[in-house]
Amino acid sequence: MAIRVDIDVMLARRKMAVGELAQRVGITPANLAVLKNGRAKAVRFTTLQALCEVLECQPGDLLLYEPDDPSEHTDDLTSSTTTSR
């Protein structure tokens with residue numbers, strides 16, 4: 001799964017510092033850095049809502065789906081189709 005959190009773009013558009021965003025959202029700068037740097041395994045809807053409220057944006061402005069390499073999945077589909085017959 002390749003979901004990317006693109007907070008940097010919205011921060012630049014809003015001319016807002018990371019520390020200010022963290023404070024206004026109510027999370028630690030360290031947790032915001034985890035989101036920003038793509039190391040988060042999950043995000044609470046309440047956090048996503050707060051980010052959208054503060055940055056005046058939609059969730060789709062912050063979360064981007066980048067598909068994995070399709071060739072990696074072709075083998076998986078072929079083998080599962082073959083074994084299920």
Side-chain angles (χ1 to χ4, degrees):
M1 180 170 68
I3 302 292
R4 189 178 81 206
V5 181
D6 211 6
I7 293 174
D8 286 332
V9 171
M10 294 309 296
L11 281 172
R13 288 182 183 166
R14 303 298 184 249
K15 296 182 172 90
M16 188 180 297
V18 174
E20 180 185 352
L21 178 61
Q23 181 181 16
R24 291 178 62 184
V25 168
I27 61 175
T28 65
N31 283 340
L32 184 57
V34 168
L35 276 175
K36 239 174 59 78
N37 297 325
R39 295 182 313 230
K41 299 288 182 194
V43 61
R44 293 177 186 261
F45 281 146
T46 54
T47 302
L48 184 58
Q49 178 180 340
L51 285 166
C52 289
E53 287 173 0
V54 171
L55 293 171
E56 298 177 353
C57 66
Q58 294 294 313
D61 296 327
L62 300 176
L63 303 175
L64 302 166
Y65 172 69
E66 296 176 335
D68 295 328
D69 183 4
S71 64
E72 294 175 10
H73 299 290
T74 304
D75 294 338
D76 294 339
L77 291 174
T78 305
S79 63
S80 66
T81 305
T82 305
T83 57
S84 64
R85 288 184 186 174

Would Leu63 end up clustered with Val25 when hydrophobic side chains under 4.5 Å apart are linked, directly or stepwise?
yes

Could you pull out all donor-acceptor pairs under 3.5 Å where a side-chain atom in residues 46-59 meets a protein atom, sequence neighbours excluded?
unit_1	atom_1	unit_2	atom_2	d
Gln49	NE2	Glu53	OE2	2.9

Joint hydrophobic cluster, Val18 plus Leu62, side-chain heavy atoms closer than 4.5 Å
yes

Give every residue pair that meets the salt bridge (Lys or Arg N to Asp or Glu O under 4.0 Å) criterion with at least one member in residues 16-27, sequence neighbours excluded.
Glu20-Arg24

Where at least one partner belongs to residues 5-19, residue pairs that pass salt bridge (Lys or Arg N to Asp or Glu O under 4.0 Å), sequence neighbours excluded
Arg4-Asp6, Asp8-Lys36

Could you state the interatomic distance from CG (Asp61) to CD1 (Ile7), rounded to the nearest 0.5 Å?
12.0 Å

Could you check if a side-chain atom of Val5 sits within less than 4.5 angstrom of a side-chain atom of Val43, using non-hydrogen atoms only?
no

Can you get from Leu21 to Phe45 by hopping between Ile, Leu, Val, Met, Phe, Trp and Tyr side chains that sit under 4.5 Å apart?
yes

Find the distance between CG (Leu32) and CG (Leu11) and round it off to the nearest 0.5 Å.
7.0 Å

CD1 of Ile3 to NZ of Lys41, rounded to nearest 0.5 Å, is 13.0 Å

Within a reach of under 6.0 Å around CZ of Arg44, are more than 12 heavy atoms found that belong to other residues, nucleotides or ligands?
no

